[in-house]
K.L.:
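This is the structure I want to talk about, given as structure tokens.
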Amino acid sequence: MERRKKIGVGMVLLGAGLWGSSSNSVEYLMVHQHFTWAAILFWRMVCTGMVFLGTCLYQKQDLLAPLKNDWKWLLKFVLLGMYLMQVTFFKSIYYSNAATATVLQYTMPAILLFMYLIKERRRPTRREVVAVVLALVGTALIATKGEGAALAISQEALFYGILGAFGMAFYTAYAAVLLKKYSCFLILGWGSLGNALLLGIFNHPSLEGALFDLHTAEAFGILFVLGTLVAYYVYLESTKYIPPAETGALAAFEPLSAYFFSVVVMGNKVGPVEMLGALCIMVMVGVLARND
């Protein structure tokens with residue numbers, strides 16, 4: 001493997017690994033520090049939005065351009081993409097754990113595929129059919145732990161996990177339109193602040209009963225600094241070294257990272273059937289990301 005490709009692969013694996021660790025930080029703050037999911041998400045979005053927009057201001061970008069010229073696309077991105085994706089993901093963690101929520105959200109490529117098949121009015125290729133089957137089998141194994149029709153996770157966890165995958169699909173589709181005209185940090189900055197505004201209106205984030213100590217600071221540090229700022233930076237930088245298709249495929253390392261931290265840090269028990277389900281979904285991502 002040539003040096004540039006090694007750097008790119010290392011960056012995307014680091015980014016995906018940090019995202020996996022950040023989801024476990026969310027679970028830790030909920031379970032041990034008694035934070036509500038809404039409060040964690042609200043403050044994460046506020047901090048993320050301010051830092052990203054501050055970076056754009058430093059780079060002398062036109063901060064108001066997307067608000068003036070593409071406010072309809074930005075509204076769709078915030079409401080149907082970012083808000084739906086983030087809220088359902090955090091609720092899925094609340095009703096299950098970080099690993100399960102992360103893997104269920106990674107059924108997104110199969111959902112996005114269906115959206116584009118309907119839009120393009122065409123039949124799926126053989127590779128696409130294989131990918132969808134892998135997504136369905138993987139989800140079924142995680143939801144039932146191989147025990148037939150009985151759900152092994154709560155109905156709420158499954159519902160919000162799959163709904164989060166739809167949100168991630170909308171997020172990806174709308175972001176693709178906006179990123180043709182604006183920088184990633186500019187779109188994520190406004191998207192994060194818009195998300196925080198919606199959370200404040202509809203979910204009323206409260207810090208009542210939450211514990212503030214060194215462990216809280218550590219968990220928020222992992223969530224915000226490593227799992228958001230550093231993760232996004234190294235992930236986006238990786239596209240300078242390797243093709244986007246390879247970046248997308250390697251990002252499937254995130255569910256594996258989430259499972260690792262869920263077992264090692266949070267002490268959750270993960271059986272072989274669930275791991276097989278996670279593997280099916282990660283392979284599905286790789287199949288769809290692979291170039292012909």
Side-chain angles (χ1 to χ4, degrees), residues 16-48 83-106 139 142-145 151-165 167-168 192 195-196 199-200 202-231 253-275 277-278 281:
L18 291 175
W19 278 328
S21 68
S22 69
S23 62
N24 282 275
S25 295
V26 173
E27 183 181 349
Y28 177 84
L29 287 166
M30 288 183 191
V31 174
H32 298 287
Q33 303 302 98
H34 309 298
F35 279 78
T36 64
W37 65 266
I40 300 169
L41 183 54
F42 175 80
W43 288 109
R44 182 191 192 186
M45 291 294 98
V46 168
C47 294
T48 300
Y83 181 76
L84 180 62
M85 176 184 72
Q86 295 275 9
V87 167
T88 52
F89 177 63
F90 275 55
K91 281 193 172 185
S92 185
I93 293 176
Y94 175 77
Y95 285 111
S96 56
N97 56 60
T100 300
T102 302
V103 172
L104 289 175
Q105 195 175 62
Y106 260 77
T139 303
I142 292 168
T144 65
K145 295 184 180 179
L151 282 177
I153 60 174
S154 69
Q155 293 179 359
E156 292 86 355
L158 182 60
F159 172 75
Y160 285 118
I162 298 300
L163 190 59
M168 195 175 183
S192 297
N195 199 6
L199 285 161
F202 296 115
N203 303 107
H204 311 294
S206 172
L207 296 174
E208 184 178 355
L211 299 178
F212 291 89
D213 54 24
L214 181 59
H215 298 300
T216 301
E218 291 173 347
F220 265 109
I222 294 172
L223 174 62
F224 178 61
V225 178
L226 296 180
T228 303
L229 300 183
V230 176
F253 178 71
E254 182 187 350
L256 184 60
S257 168
Y259 263 106
F260 173 79
F261 286 108
S262 183
V263 173
V264 174
V265 178
M266 297 302 299
N268 293 320
K269 294 181 179 179
V270 178
V273 175
E274 296 156 278
M275 286 299 295
I281 291 174

K.L.:
Please list, chain by chain and in numerical order, all residues satisfying side-chain hydrogen bond (donor to acceptor under 3.5 Å, both in side chains) with E274, sequence neighbours excluded.
P.N.:
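Here no residue qualifies.
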K.L.:
Look at atom NE2 of H32 and say whether more than 12 heavy atoms of other residues, nucleotides or ligands are closer to it than 6.0 Å.
P.N.:
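More than 12 within 6.0 Å, yes.
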K.L.:
Fit a plane to each ring of F220 and F35, take the angle between them on a 0 to 90° scale, and name the class: parallel (under 30°), tilted (30 to 60°) or perpendicular (over 60°).
P.N.:
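Geometry flag for F35 against F220: perpendicular rings.
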K.L.:
Report the distance from atom CD of E27 to atom CG of N268, rounding to the nearest 0.5 Å.
P.N.:
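Between E27 CD and N268 CG, I get 5.0 Å after rounding to 0.5 Å.
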K.L.:
Under 3.5 Å, side-chain donor or acceptor atoms of residues 204-212 against the rest of the protein: list the pairs with distances, not counting sequence neighbours.
P.N.:
unit_1, atom_1, unit_2, atom_2, d
S206, OG, E208, N, 3.1

K.L.:
Any heavy-atom pair between the side chains of I142 and I281 that's under 4.5 Å?
P.N.:
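When only atoms from C-beta onward are counted, I142 and I281 do touch, with a gap below 4.5 Å.
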K.L.:
On a heavy-atom basis, which atom in L104 and which in A157 lie closest, and how many Å separate them?
P.N.:
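Scanning both residues, the minimum pair turns out to be CD1-O, 3.9 Å.
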K.L.:
Does some side-chain heavy atom of S22 sit less than 4.5 Å from a side-chain heavy atom of R44?
P.N.:
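When only atoms from C-beta onward are counted, S22 and R44 do touch, with a gap below 4.5 Å.
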K.L.:
Quick one: side-chain hydrogen bond (donor to acceptor under 3.5 Å, both in side chains) partners of T216, sequence neighbours excluded?
P.N.:
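For T216 the side-chain hydrogen bond (donor to acceptor under 3.5 Å, both in side chains) partners, ignoring immediate neighbours, are Q33, D213.
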K.L.:
Can you tell me how far the CG atom of L18 sits from the CG atom of L226, to the nearest 0.5 Å?
P.N.:
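It comes to 5.5 Å.
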K.L.:
So, S23 side chain and G20 main chain: donor-acceptor pair closer than 3.5 Å or not?
P.N.:
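It does hold such a pair.
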K.L.:
Determine, stepwise, if the pair M266 / Y28 fulfils side chain to side chain contact (heavy atoms under 4.5 Å, CB included).
P.N.:
CA-CA 7 Å; M266 297 302 299; Y28 177 84; 3.9 Å; yes
K.L.:
Below 4.5 Å, heavy atoms only, C-beta onward: do T36 and M30 meet side chain to side chain?
P.N.:
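With C-beta onward as the side chain, the pair stays apart.
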K.L.:
Taking T48 for the side chain and S192 for the main chain, is one N or O donor matched with an acceptor at less than 3.5 Å?
P.N.:
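No; zero donor-acceptor contacts below 3.5 Å.
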K.L.:
Could you go step by step and tell me if T100 and N97 meet the side-chain hydrogen bond (donor to acceptor under 3.5 Å, both in side chains) rule?
P.N.:
CA-CA 6 Å; T100 300; N97 56 60; 3.1 Å; yes
K.L.:
For T102, enumerate each residue passing the side-chain hydrogen bond (donor to acceptor under 3.5 Å, both in side chains) test, keeping only those at least two apart in sequence or located in another chain.
P.N.:
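By the side-chain hydrogen bond (donor to acceptor under 3.5 Å, both in side chains) rule, T102 matches no residue at all.
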K.L.:
Taking the side chain as everything from C-beta on, heavy atoms only, tell me whether W37 gets closer than 4.5 Å to V26.
P.N.:
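No, every pair of side-chain atoms sits at 4.5 Å or beyond.
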K.L.:
Could you check whether any side-chain heavy atom of M45 comes within less than 4.5 Å of a side-chain heavy atom of Q86, counting everything from C-beta outward?
P.N.:
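A side-chain contact under 4.5 Å exists here.
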K.L.:
Side-chain contact, heavy-atom cut-off 4.5 Å: Q105 with F89?
P.N.:
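They are in side-chain contact.
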K.L.:
Of all residues at least two apart in sequence or in a different chain, which pass the ring-ring contact (aromatic ring centres under 6.0 Å, His included) check with Y94?
P.N.:
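Residues passing ring-ring contact (aromatic ring centres under 6.0 Å, His included) with Y94: none at all.
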K.L.:
Would you call S92 and S96 a side-chain contact if the rule is heavy atoms closer than 4.5 Å?
P.N.:
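S92 vs S96: side chains touch.
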K.L.:
Contact between V46 and F42 at the side-chain level, heavy atoms closer than 4.5 Å - yes or no?
P.N.:
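Yes - at least one pair of side-chain heavy atoms lies under 4.5 Å apart.
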K.L.:
Under the side-chain hydrogen bond (donor to acceptor under 3.5 Å, both in side chains) rule, collect the residues that match up with N203, sequence neighbours excluded.
P.N.:
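Y83.
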